[in-house]
Every structure is written in structure tokens, then in C-alpha cells.
Colleague: 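I have a structure I would like to understand better, so I am pasting it below and will then ask my questions one at a time.
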Amino acid sequence: MKVAALLATRATRAHRKAWTAVFAALTLTSLLLGAFGLTLVSAWSAHPRVERYAGADLVVAGDQTTRFSAASLGERETVSAGLTERVRIPRTALTVVRGVPGVRAAVADVEFPVGLAGSAATGSATASATESATGRPWEAARLAPYALRTGRAPQRADEVVVAGGGGPERGGADRVGQRLTLRVGGHDMAYTVVGVADGPRTAVWFTDAEARRLSGHPEALDVIGVVAESGTGAGELAGRVRKALDTAGATDVGHRADGDPATVRVLTGDDRGEAEFLAAAPARGELLAALGSVAGAVVLVSLLVVSSTIVQALRQRSHELGLLRAVGATPGQLRAAVGREVGRVAVWAALVGAAGAAPAYLGLRALLDARGALPTGLELTLLPPLWLTPLVTAAVTVLVAQVAALIGGARTATARPAEALRERAPGRGRGITGLVLLGVGASAAGTAALQRGATAAAPAGAAAVTMVIACAVLGPWIAEGAMRLLGAPLRLFGPGGRLAAANCAASAHRLGAAITPIVLVTAFAGVQLSGGATLTHAGDAQARQVLRADLAVHADGGLPAGAVERIREVPGVRAATEIVPGTVLLARSQLGAPELERLPVFGVTPERLTSTLDPGPRSGDLTRLRPGTVAVGADRADSLGVRPGSTVTLRFGDGQEARLRVVATYQRSIALGDFLLSRDDLLRHTSLPTASGAGRVLVATAPDADRKAVTNALARAVPGARVEPDPAPVRGEAAEQALAEVVSLAVVGAVGGFTVIAVLSTLALIATGRRPELRLLRLAGAGRGQLRRMLRLEAAATVVTGLVVGAAVASVPLLAFSTATTGTLPYLPPAQAAVIVSVVVATAAAGSLPPVWGTLRGRYPR
């Protein structure tokens, strides 16, 4: 151990420049792992914000989780998913809760959309419009608590209290005595403002009886807020309430699937926010999964890059290590010396990176917020002990470095003393391993090509990772083949080109180390960016093809009852279709493992549907879409093995299950989603009142109709609605799309940072090691211009090889993925492709030329 310590100390001092690149790579590894680790633990400890129920000791609400079980490998496995639509509870639960000892007050709460009257321009016509607000019973205001600023509580059905802070856009709604016209459930009604209270700017409070009527579900409640008597603890009272509800048999409203129990939850503490912000809990799970995959990718890439950098640093000293082996140093002593060298560098690098993890975490948080990747109300929290997470990831960084050191020093340490001074060619085992990995990657890509829809993403991603690792293993052979191919073109550039061709052919194994990180960034960035861009590009194209409507009509607070029928009667209107967005969950077994997949869907009115929307019918009849039926996208129909006449079991956004008969299949499912349902079916399972026109009406005009006249007529036919002269394309987007975009950006940024360091360090180490060679060439008569051209051409050959191989590696899984999901070729925005190429070119130039400028300066070599 003393010998190893002495060797490590002397080597670290003598080779500081070689270890600088390793230090930079390990610092970035520690920083990224620390930042993602902090984000991961903050997501793990995240909870929905408590606002409306901050004054309640506990909250009684429906179970916003659905579960699905299946036999997997002989054992029963259960998965769960959060529900984004309100799961309501029976009103009878209110009586049960009020009878529990220790309950001072139990307050019923319901929520429904309200339109505040205003005005908006519509083309050349001006129609009254609405501003979105939220209606609730006044008694529920005490749960926040929201206090009156002025006026009094509503006592009659036509009286309301509004929130303070209303401006001119609300028509001075904060003045007591003002008359307001509000739209609820598609009906306009006049109310008198009798009070102004604290609270959200768009809140409107009604009498309890009026709120119950307007909610659309008078026998069900959204939430019961419970205030405990003085001296009664929240935990103790929650147990009593839970027992009373179980005794009374209170369950969620609606039919749940077998194995998905309908229970009523009793929430305390931070969990109370789950009853308020419904999308927060599902988003938390998606965030954890996404960040976990990112952390795994960072560990993998860091291992590749750090290994490559350490191998290159040790290669510069291969003769020194070989000499030590030849004079009697044992393999154990060399391994220990290299391990100590790397360990010393790694510890300091890991600590420096850990110090920068917190600012990087805050930057990632800001990016998530700026891109809208987190739903309203989700609070990412970090308890004081969790701020120590970067120290844990720093330890992981040191472990990665030690593994890389074992890999990098293995060949020299195990060489025979007589052979240690000779540089050996890559072994046959390495070549066989690389070819096997290529075969595995190609097989995974083939599996992806045989899949349908989103299920192709997993094998395509596995193919990309496996093939990148294979290229890293086969780096020397790839470089040798590329340099042979590029030798002839290089010789066309005169003496400098001939020198570059000869050097590339002689040092192909050395250039392979520089090519690997370029392949890494090109392949990873290409797959990450092109995968999402291909789906978006194909979806946008389908959305434009789907839309046939000329106009669209919608209103906050809902369209009036019978609005679609009135629109169809307007002269010049050929067809009108109401379309409502929503989500469903598909429960199924994949290779025996249970899976709950959340999917965006639309509910539509089927009359003359193809005049306003063109889903690309493949079989069946879309006009037969009624409650209890469904149309299925072609790819999803193939994967489920269904056709018109079959049945599909779906779970709606509120967890209720339904068996639906398939009436048609259609092609354009990227834009419209995998399922088209009846509007009435979907509305019954949303948080909106069932009578509310929650979506928009797409209108197709007659060929000879005056578009301006039809617009004005629609505004008169549906008072309070907005008429859009150029409707936006119809596109169903997954709720986690913004999160996926941020995750892709984070992965590409991390891989790009590693690549910059890897390419810079590898080329700089190569260039530094070539200084004696360049001096010799100058003494032999080579001019400075010729040597500069040689270096530029070598760097260009390295860049071209890396980019071509990386693009080829990326194209295999991308072709499989795009064929399975969109039926098109992969798409990468030109600007993003240009950024990848520019970063690689700039980095290669910076790593190849500056390290040898001193050698090329002056009349005489230095």
C-alpha cells in the first residue's frame, strides 16, 4: 500500500494536465447528478398546495386513484394511476360526518364554472363574451378562510359575493349593489353583488341552495371540509370520521372496476391539497418517472465519458506504466496506484460539483415553471435533510470514477512485464462484444418496428442506448475503417492533406477515442430531439388534415342548452359538431404485467361529423357514435385486436369503468387520440356540470355562403359566445407533453455538456501527446501552414466520422419508432440539427488546435 500511495502521489503531481480533463468531467457528473437528485427528492416530497381548505382540520373527498391488478410471473401485481376528474361523494356522507363527536362544523363544497359577462371582437362582428370564473357555495369560504371585506353574505338565490381585486375588465364587479349577468351550465342569469370578500380574483360565491342547483349534481358533493372542536386533534378526529364513514358504507359516486375499491378518503395536513388540485398528484408520479429515467441516462453517459477520458489520460502514460510493470510492479500495485490517483481527483471534483448542484437545481425548477411542465398547485418541497442529497450523488460520482479507473487500467495492469512497453491492438473479445451489442440493438429496433403506437418507444430507446455503447466498444475499428475511406479525399488537399491521411491511418485507434463522444452526442441528441419532433410534426400535419370547419363557437361558462341545434339552423351553416376534450385510462396487461395508460380523447356529436372533422375513417360508421359506443384509432384497434362490433373497456377520468361497443375505426389518431366518444358520455365523467357545453362547436359553412354574414348570424343566434373566424386545429395532447419536452431538453443539455468536455479533453490530450511528433515534422521540413492544415483536416475527419456514425446509429431506432407511431420518416427541425453540428465542430476545433499553437509558433520548433 505504501508503494501504491507513493506512485499515486508522484503521478498526480507529474500529470496535472492529464487529470484536468478528468476533473472537469467528474465535476459535471457530480453537478448534474446532484441537480437531478435534488429535483427527484423534491418531487418525491412534493404535495399539492393547500389554499381553499387551509382553515379545515381535515377534508373528506373521493378517492382520486384508480387501480388495476394482473398476474405477473405467478404473483398478483397492482398498479395505480391518479384521476384528473373530480370523484364525487354522496351527499349523505355530510350527515354522517356532522354526527361524529369532536366535529364542530362540516361544510359541503361544490365547484362549477361560471362565465362573467364582457365583450369581445369577433372578426367584423362584436359579440358578448365571457371571462372564466369559479362558482362555490358561500359557506365553503370559511374553509380557507375567506372573510368579507364589505357587504354581507348572500341570502337569496339571486345574490352573490365576489372576490376583491376586480378591475375594469370585470366591469367594476367589486362594487356592492352591482347587477351581474353570469352564465352557468349554458344559461345566463342576473345576480346582485351583495358582498366583496378575500379570495381568488375569479371566485364567485352563491347561496348554498343555489350552488347545489347550479352544480349539476345536487345529490353529490365535491368535498366536505371539517373543523374540529377545540382540544380535538386532527389525527384523532380523522380516525373517528373514517370509522363512521366505513360503518355507514359511504363510497364514491359511480361504478368502479372490479378490484378498484370505491372508498371515501379522509385527508389531513398537506394531503388536503389533493382534494383541491386534482392534476397535482398524477403529475407528481409522471415527474418522478421522468426524472428517474434522466438520472439513469446521466449515470450511463457519465460512465461512458469518464471512462473514455480516464482511458485517454492513462494512454498518454502507457509507456510509464509499462515501464513500472516491466521493472517489477505487480498488477495490484498498479491498480491501487491508478485507483488512488483517480480517487483523489474524483473526491475534489465531486465536492466542487456538489457545491454547484443547488444553483443548477434552481435553474431546472425555473425551466419547469417557465415551460408549464408542472400543474397548478404542485409544490416541490425540500426538507432540510434533503439538501444533503448532492453529497450522496458525489459519492456516486466517486464510484463511477473508480469503475472507470478499473476499466482504463485493466490492460496495462494485467500485461506481462515483457509486453507492457508495447502498445497492444484492441483484443478480439472487445470486437465480439461490440458486434453482439450491435446485434442486440438492431433486434430491439426490429421489435420497435413491429409495435403499434407509443409502445414502440421503449424498445426504440433501448436500441439507441445499446448501439451507442456498441459504437464506443468498436471505436478503434470504426475509426480505422473511416480513415481508410477518407484517406483518398484527404490527399487531395496537398502536403497537409497527405500528412493528415497518413497520420489518421497510423493512429486510428487513438482517433477512435475522440470519435466516440461525438457519436454519443449525435445519437443521443438525435433520438431525444427527433423522437418528440417526429410525433409533433406528424400530429400537426394530421391536425390540419382533420379540420374541415370554417368557424368555431365557444363560451366560458358553457354554451346555452340547444346551442348546437340553433347553430345548425343558421342560414349558410352546412354542419356543426360540438367537440369536448377529456382523458380516459386503458387498463391492460403487457407481457403479464398490469398497465394503466392515460390517453387524451375527444367527445363529439356525430351528426354530419365528417363535414367538420375528417378522422380518416377506415371501417365502420362514425355517424353511429352514441352513448355506450366508441370509435378507435387504427393502430390502437390493431394492438387491441378489435373491429366494429367488438367491445372495449375504458376507465373515464373520474375512475368509472364502461364497456363500449366499437362502431368505427379511423386513421388520424395522432391528432384526435386513440378513442372518439360521444360528447354526452364524456361530459358525464368530467368535473363540469353535465348540461354544460364545455367544448367548442366547429361549424362548416355552405360553399356559396357569405362567411362574414354567417359569423354575425352565429353571434346573434348564440348570445354570449365567441365566434372564431379561423379555428385552431383539433389536436389532443397528452398532459405530460410539456414535461417530456423539458426532460428531453435536460437530457440533451447533459449529454451535450459531457460531450463538450469529452471531445475537448480527448483531443487536447491527443494534441499534447503529439508535440514531439510535430517538432520532428518541423525539423524534417514541414511548414507551419502544412501542419495547421494537417491538424484541421484530421479534426474535420474526426468530426465527419463521428457525425455520420452517430446519425446512422440514431437513424436505426428512429426509423423503427417513426414507422410504428406515425408511418413517416423521422423528422428533426433544421435549426436543432444545425446546433448539434455547430457544437461538435466548434468543440473539435477548440480541442485540436490551441494545445499545439506553441509548438507551431516561431521559426524554430519549441
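Every heavy atom of this structure was used, including side-chain atoms; hydrogens, water molecules and symmetry mates were not.
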Colleague: Among Leu596, Asp674, Leu640, Thr649, whose side chain to side chain contact (heavy atoms under 4.5 Å, CB included) with Leu586 holds?
Modeller: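 Answer after filtering Leu596, Asp674, Leu640, Thr649: Leu640.
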Colleague: Checking Thr824 against Ser818: is there a side-chain donor and acceptor pair closer than 3.5 Å?
Modeller: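 Short answer, no.
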Colleague: Would you say Arg136's side chain and Ala203's backbone share a donor-acceptor pair under 3.5 angstrom?
Modeller: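 Looks like no, no N/O pair under 3.5 Å.
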Colleague: Arg548 and side chain to side chain donor-acceptor pair (under 3.5 Å): which single residue from Asp614, Thr577, Thr610 fits?
Modeller: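 Between Arg548 and the candidates, side chain to side chain donor-acceptor pair (under 3.5 Å) is satisfied uniquely by Asp614.
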Colleague: Check whether more than 12 heavy atoms from other residues, nucleotides or ligands sit under 6.0 Å from atom CZ of Arg179, and answer yes or no.
Modeller: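 For Arg179, atom CZ is crowded (more than 12 foreign heavy atoms under 6.0 Å).
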Colleague: State the OG1-CD distance between Thr612 and Glu578, to the nearest 0.5 angstrom.
Modeller: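 Rounded to the nearest 0.5 Å, the OG1-CD separation comes to 11.5 Å.
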Colleague: If you apply the rule salt bridge (Lys or Arg N to Asp or Glu O under 4.0 Å), what do you find for Glu569 with Arg566, and how did you get there?
Modeller: CA-CA 5 Å; Glu569 295 173 356; Arg566 273 187 272 166; over 6 Å; no
Colleague: Report the distance from atom CG of Asp635 to atom OG1 of Thr665, rounding to the nearest 0.5 Å.
Modeller: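 Output value for this atom pair is 10.5 Å.
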Colleague: State whether the number of non-hydrogen atoms from other residues, nucleotides or ligands found under 6.0 Å of Arg643 atom CZ is greater than 12.
Modeller: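 For Arg643, atom CZ is not crowded (no more than 12 foreign heavy atoms under 6.0 Å).
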Colleague: Under a 4.5 Å cut-off applied to non-hydrogen side-chain atoms, are Glu565 and Thr605 in contact?
Modeller: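 No, too far: nothing below the 4.5 Å cut-off.
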Colleague: Nearest heavy-atom pair of Arg684 and Asp681: which atoms, and what distance?
Modeller: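 So the minimum-distance heavy-atom pair works out to NH2-OD1, 2.6 Å.
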Colleague: Please confirm whether the backbone N or O of Ser619 pairs with a side-chain atom of Tyr666, one donor and one acceptor, at under 3.5 Å?
Modeller: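 Looks like no, no N/O pair under 3.5 Å.
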Colleague: Ignoring hydrogens and geometry, is there a side-chain-to-backbone donor-acceptor pair from Gln178 to Val193 under 3.5 Å?
Modeller: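 Not at all, since once roles are kept as given, no pair shorter than 3.5 Å links the two residues.
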Colleague: Strictly distance-based, threshold 3.5 Å: is any side-chain N or O of Gln656 a donor or acceptor partner for the main-chain N or O of Phe652?
Modeller: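 No: the side chain of Gln656 does not pair with the backbone of Phe652.
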Colleague: Apply the test side-chain contact (heavy atoms from CB on, under 4.5 Å) to residues Phe602 and Val580: give CA-CA distance (whole Å), side-chain angles for both, the deciding distance (0.1 Å), then the verdict.
Modeller: CA-CA 5 Å; Phe602 285 107; Val580 179; over 6 Å; no
Colleague: In sequence, state the C-alpha distance, the side-chain angles, and the governing distance for Ser678 and Asp680, and then conclude on side-chain hydrogen bond (donor to acceptor under 3.5 Å, both in side chains).
Modeller: CA-CA 5 Å; Ser678 162; Asp680 296 335; 4.7 Å; no
Colleague: Could you walk me through whether Leu698 and Leu547 satisfy the side-chain contact (heavy atoms from CB on, under 4.5 Å) test, starting with their C-alpha distance in whole Å, then the side-chain angles of each, then the deciding distance to 0.1 Å, before giving a yes or no?
Modeller: CA-CA 9 Å; Leu698 301 176; Leu547 185 66; 4.2 Å; yes
Colleague: How far apart are the closest heavy atoms of Trp205 and Asp198, and which atoms are they?
Modeller: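 Shortest heavy-atom contact: CH2-O, 3.2 Å.
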Colleague: Do Ser669 and Arg636 come close enough that some side-chain heavy atom pair is under 4.5 Å?
Modeller: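 Heavy-atom side-chain distance check fails, nothing below 4.5 Å.
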Colleague: On a heavy-atom basis, which atom in Gly199 and which in Ala163 lie closest, and how many Å separate them?
Modeller: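 Reported closest heavy-atom pair: O-CB, 3.9 Å.
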Colleague: How close do Leu677 and Leu660 get, counting heavy atoms only, and between which atoms?
Modeller: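 That would be CD2-CD1, 3.5 Å.
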Colleague: Does this structure show an ion pair linking Arg651 with Glu597, if we count only N-O contacts that are shorter than 4.0 Å?
Modeller: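 Glu597 and Arg651: not salt-bridged.
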Colleague: Return yes if some donor-acceptor pair links the side-chain N/O of Arg568 with the main-chain N/O of Ala576 below 3.5 Å, else return no.
Modeller: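 Here the side-chain-to-backbone pair exists.
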Colleague: Should Val87 and Arg256 count as side-chain neighbours, where that means a heavy-atom distance under 4.5 Å?
Modeller: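 Yes - at least one pair of side-chain heavy atoms lies under 4.5 Å apart.
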Colleague: Verify side-chain contact (heavy atoms from CB on, under 4.5 Å) between Phe206 and Leu182, making sure each step is shown before the conclusion.
Modeller: CA-CA 11 Å; Phe206 300 78; Leu182 303 179; 3.9 Å; yes
Colleague: Heavy atoms, side chains only, cut-off 4.5 Å: are Thr207 and Gln155 in contact?
Modeller: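 Side-chain contact under 4.5 Å: no.
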Colleague: I'd like to know if the side chain of Arg212 reaches the main chain of Pro218, judged simply by a donor and an acceptor atom lying under 3.5 Å from each other, with no hydrogens or angles considered.
Modeller: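 Checked: pair present.
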Colleague: Mind checking the CG-CG spacing from Leu287 to Leu378? Nearest 0.5 Å is all I need.
Modeller: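 The CG atom of Leu287 sits 7.0 Å away from the CG atom of Leu378.
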Colleague: Starting at OG of Ser639, measure out to CZ of Arg588 and round the result to the nearest 0.5 Å.
Modeller: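 If I round to the nearest 0.5 Å, the distance is 5.0 Å.
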Colleague: For the side chain of Gln667 and the backbone of Gly616, is there at least one donor-acceptor N/O pair under 3.5 Å apart?
Modeller: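 The answer is no, because no donor-acceptor pair under 3.5 Å joins these two groups.
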Colleague: Checking Phe277 now: which residues fulfil ring pair (Phe, Tyr, Trp, His ring centres under 6.0 Å) with it, not counting sequence neighbours?
Modeller: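 For Phe277 there are no ring pair (Phe, Tyr, Trp, His ring centres under 6.0 Å) partners, ignoring immediate neighbours.
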Colleague: Taking side chain as C-beta onward, heavy atoms only, is Leu143 less than 4.5 Å from Arg52?
Modeller: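 No; the side chains remain at least 4.5 Å from each other.
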Colleague: Between Tyr827 and His537, what is the ring plane arrangement, given parallel below 30°, perpendicular above 60°, and tilted in between?
Modeller: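 Ring orientation of Tyr827 relative to His537: parallel.
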Colleague: Give me the atom names and distance for the closest heavy-atom approach of Ala543 to Ala671.
Modeller: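 Smallest heavy-atom distance, with atoms named: N-CB, 3.6 Å.
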Colleague: For the backbone of Gly653 and the side chain of Thr583, can you confirm whether one donor and one acceptor N or O come within less than 3.5 Å of each other?
Modeller: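 Not confirmed, Thr583 side chain does not pair with Gly653 backbone.
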Colleague: Glu210 vs Glu159, test: side-chain contact (heavy atoms from CB on, under 4.5 Å). Steps then yes/no.
Modeller: CA-CA 9 Å; Glu210 181 71 356; Glu159 295 178 345; over 6 Å; no
Colleague: With rounding to the nearest 0.5 Å, note down the distance linking CZ in Arg598 to OG1 in Thr84.
Modeller: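 So the gap between those two atoms works out to 5.5 Å.
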Colleague: Taking the side chain as C-beta and beyond, is there a heavy-atom pair between Arg731 and Val546 under 4.5 Å?
Modeller: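 They are not in side-chain contact.
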Colleague: Using modelled atom types and a 3.5 Å cut-off, is there a donor and acceptor pairing between side-chain atoms of Gln64 and backbone atoms of Leu83?
Modeller: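 Yes; judged by distance alone, with no hydrogens or angles, the pair exists.
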Colleague: Would the number of heavy atoms belonging to other residues, nucleotides or ligands and lying under 6.0 Å from CZ of Arg156 be above 12?
Modeller: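 No.
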Colleague: At their closest point, which heavy atom of Pro606 faces which heavy atom of Leu625, and how far apart are they?
Modeller: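 Minimum heavy-atom contact is CG-O, 3.0 Å.
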Colleague: Indicate yes or no: at least one non-hydrogen side-chain atom of Pro615 is less than 4.5 angstrom from one of Leu622.
Modeller: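 Pro615 reaches Leu622 side chain to side chain.
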Colleague: Testing Leu551, Asp550, Val553 one by one against Thr711 for a side chain to side chain contact (heavy atoms under 4.5 Å, CB included), which residue passes?
Modeller: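 In the set Leu551, Asp550, Val553, the residue that makes a side chain to side chain contact (heavy atoms under 4.5 Å, CB included) with Thr711 is Leu551.
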Colleague: Supply the atom-to-atom distance Arg91 CZ to Leu221 CG, rounded to the nearest 0.5 angstrom.
Modeller: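 Here the rounded value is 4.5 Å.
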Colleague: Is the closest side-chain heavy-atom distance between Leu214 and Met189 below 4.5 Å?
Modeller: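 A side-chain contact under 4.5 Å exists here.
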Colleague: Please say which of Asp222, Val184, Val204 ends up in a side chain to side chain contact (heavy atoms under 4.5 Å, CB included) with Phe112.
Modeller: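 The passing option is Val184.
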Colleague: Before giving the answer on side-chain hydrogen bond (donor to acceptor under 3.5 Å, both in side chains), spell out for Thr647 and Arg661 the whole-Å C-alpha distance, their side-chain angles and the decisive distance to 0.1 Å.
Modeller: CA-CA 4 Å; Thr647 58; Arg661 181 170 56 86; over 6 Å; no
